[in-house]
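Reading through the structure tokens given below for one structure.
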Amino acid sequence: MRPLPPAFYGRSTLAVAVDLLGRELLVNENGSLCGGRIVEVEAYIGENDPACHAHRGRTTRNRVMYGPPGRAYVYFTYGNHWMLNFVTEREGFPAAVLIRALEPRAGLPTIWNRRRVRREYDLTNGPGKLTAALRITGEDNGASLEGPRLLVGGPCANGEPVARSGRVGVDAGADVPWRFYLANSPWVSSYRRGGRARSAGIPIGSPATS
DNA sequence: GATTGGATCTACT
DNA sequence: GTAGATCCAATCG
């Protein structure tokens, strides 16, 4: 698989987010690969986005987001969970795409071993789940997405319906429709927060309705 | 130095 | 449907 070059990521974050759907994310551990197809993403764009970690300016935690595009921004949250993002836009502008769900395709035995779940769709249908399944941690923060450890490439979703909705798990800026997913994928995250069902998806390209 | 809250998940009721 | 786990980084004193 030929990995996508930094120029792919150095564009508008929303364009990159949609263009990532359907592509493969692989983790190479001593030659053995595990990973899958990206089916759900969210965009976090700039210091004016209240949900973005860069909202309060540059810090030691979010500094990778200010760096060049095409790298992984990995951070720890909720005491248990690593989150995987891909840095986008030009160097100096803090933005990233959060990878929220995968369709596992490579290294299934390894993934099953790491994830103590019963149902297959629970393996990687959430941002904390997929990092646990692929064993992505803070050591991958700042790593290139062209390898050797992290690899992103392959064709984008071709003709599959894509939907968008508000972002999950954030308060400020939750209504901004910057979450994108493959509408027909059973691997999309089902997590709900605060008893509130996630907002229903809107097919991209459909006329705006009131 | 201490406190607080977070881009979540699992288990249990 | 809801609580507990679990810890780092940012913020405040």
Side-chain angles (χ1 to χ4, degrees), chain A residues 9 13-14 16-18 20-21 25 36 38-67 69 71-89 93-102 104 111-143 145 150 163-181 186-199 201:
Chain A
Y9 303 95
T13 304
L14 295 180
V16 175
V18 174
L20 279 171
L21 291 173
L25 163 65
I38 296 167
V39 299
E40 178 179 349
V41 297
E42 273 176 13
Y44 290 87
I45 309 175
E47 295 178 348
N48 292 328
D49 175 1
C52 184
H53 282 173
H55 182 224
R56 289 191 222 289
R58 185 176 190 136
T59 65
T60 54
R61 181 208 220 183
N62 65 27
R63 71 190 138 86
V64 173
M65 267 205 289
Y66 286 81
R71 294 190 183 171
Y73 168 43
V74 183
Y75 68 90
F76 192 77
T77 192
Y78 289 112
N80 298 356
H81 302 294
W82 293 101
M83 300 284 138
L84 172 66
N85 301 252
F86 297 165
V87 176
T88 60
E89 311 261 357
F93 185 91
V97 174
L98 170 68
I99 308 304
R100 288 193 54 85
L102 287 183
I111 290 174
W112 272 112
N113 216 1
R114 291 172 180 167
R115 302 272 306 131
R116 296 290 165 193
V117 295
R118 301 218 172 99
R119 293 182 217 76
E120 195 175 23
Y121 58 74
D122 281 326
L123 286 173
T124 53
N125 65 341
K129 297 180 183 181
L130 72 90
T131 54
L134 304 187
R135 200 162 282 172
I136 290 167
T137 69
E139 296 195 2
D140 298 304
N141 192 31
L145 301 175
L150 302 180
R164 70 189 295 176
S165 79
R167 292 177 289 186
V168 178
V170 296
D171 293 329
D175 295 334
V176 181
W178 286 350
R179 169 174 174 260
F180 302 92
Y181 57 96
W187 301 95
V188 166
S189 73
S190 59
Y191 183 65
R192 284 131 225 262
R193 189 202 240 217
R196 209 174 75 203
R198 71 166 189 255
S199 47

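Here is the naming used below: chain letters follow the sequence lines, and residue numbers restart at 1 for every chain. The figures that follow rest on heavy atoms only: side chains count, while hydrogens, waters and symmetry mates do not.
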Specify the separation, in whole Å, of atom NZ of A:K129 and atom P of B:dT8.
12 Å
So, does A:R58 use its side chain to make a donor-acceptor pair with the main chain of A:R63 at under 3.5 Å?
no
Give a yes or no on whether the backbone of A:G138 and the side-chain of A:N141 come within a donor-acceptor separation of less than 3.5 Å.
no
Report the distance from atom CZ of A:R119 to atom C1' of B:dC9, rounded to the nearest whole Å.
13 Å
Sequence neighbours excluded, which residues qualify as side chain to side chain donor-acceptor pair (under 3.5 Å) partners of A:T88?
A:T13
Heavy-atom check, side chain of A:E40 versus side chain of A:W187, under 4.5 Å:
no
Before accepting this row, confirm whether a basic side-chain N of the pair A:R167/A:E42 lies closer than 4.0 Å to the acidic partner's carboxylate O.
no
Mind jotting down which residue pairs meet the salt bridge (charged side-chain N to carboxylate O under 4.0 Å, His left out) criterion with at least one end in residues 125-135 of chain A? Sequence neighbours excluded, please.
A:D122-A:K129
For A:R115, which contact category applies under a 4.0 Å heavy-atom criterion: base, sugar-phosphate, or nothing?
sugar-phosphate
Give DNA chain C the dot-bracket treatment, 5' to 3': Watson-Crick (N1-N3 with N6-O4 or O6-N4) or G-U (N1-O2, O6-N3) under 3.5 Å, [ ] crossing, | other strand.
|||||.||||||.
Contact class for A:N85 vs. all strands (heavy atom < 4.0 Å): base, sugar-phosphate, or nothing?
base
What are the atom names and distances for every N/O pair under 3.5 Å that joins the protein to nucleotides 1-5 of chain B?
none

Flag side-chain contact, heavy atom, 4.5 Å: A:T77 against A:M83:
yes
From CZ of A:F86 over to P of B:dA7, roughly how many Å is that when rounded to an integer?
19 Å
Ring centroids only, cut at 6.0 angstrom: are A:H53 and A:Y75 within range, meaning strictly under it?
yes
Less than 4.0 angstrom between a side-chain N/O of A:R100 and OP1 or OP2 of B:dT8, yes or no?
yes
For nucleotides 5-8 of chain C, print each protein N/O atom paired with a nucleotide N/O atom at under 3.5 Å, atom names and distance only.
residue, atom, partner, partner atom, Å
C:dA5, N3, A:N80, ND2, 3.3
C:dT6, O4', A:N80, OD1, 2.7
C:dT6, O2, A:Y78, O, 2.9
C:dT6, O2, A:N80, OD1, 3.4

I need the residues from residues 47-66 of chain A with at least one non-hydrogen atom less than 4.0 Å from DNA chain C; give them sorted by number, or say none.
A:R56, A:T59, A:T60, A:R61
Considering non-hydrogen atoms only, spot the tightest contact between A:A101 and A:V188 and give its length.
CB-CA, 4.2 Å
Answer yes or no for A:R164 and A:F180: cation-pi contact, defined as NZ/CZ to six-membered ring centre under 6.0 Å and angle to ring axis within 45°.
no
Does a side-chain heavy-atom distance below 4.5 Å link A:P186 with A:Y121?
no
Within 45° of the axis and under 6.0 Å from the centre of the six-membered ring of A:Y181, does NZ or CZ of A:R179 qualify?
yes
Quick one: closest heavy-atom pair of A:R71 and A:G142, and the distance?
CD-O, 3.3 Å
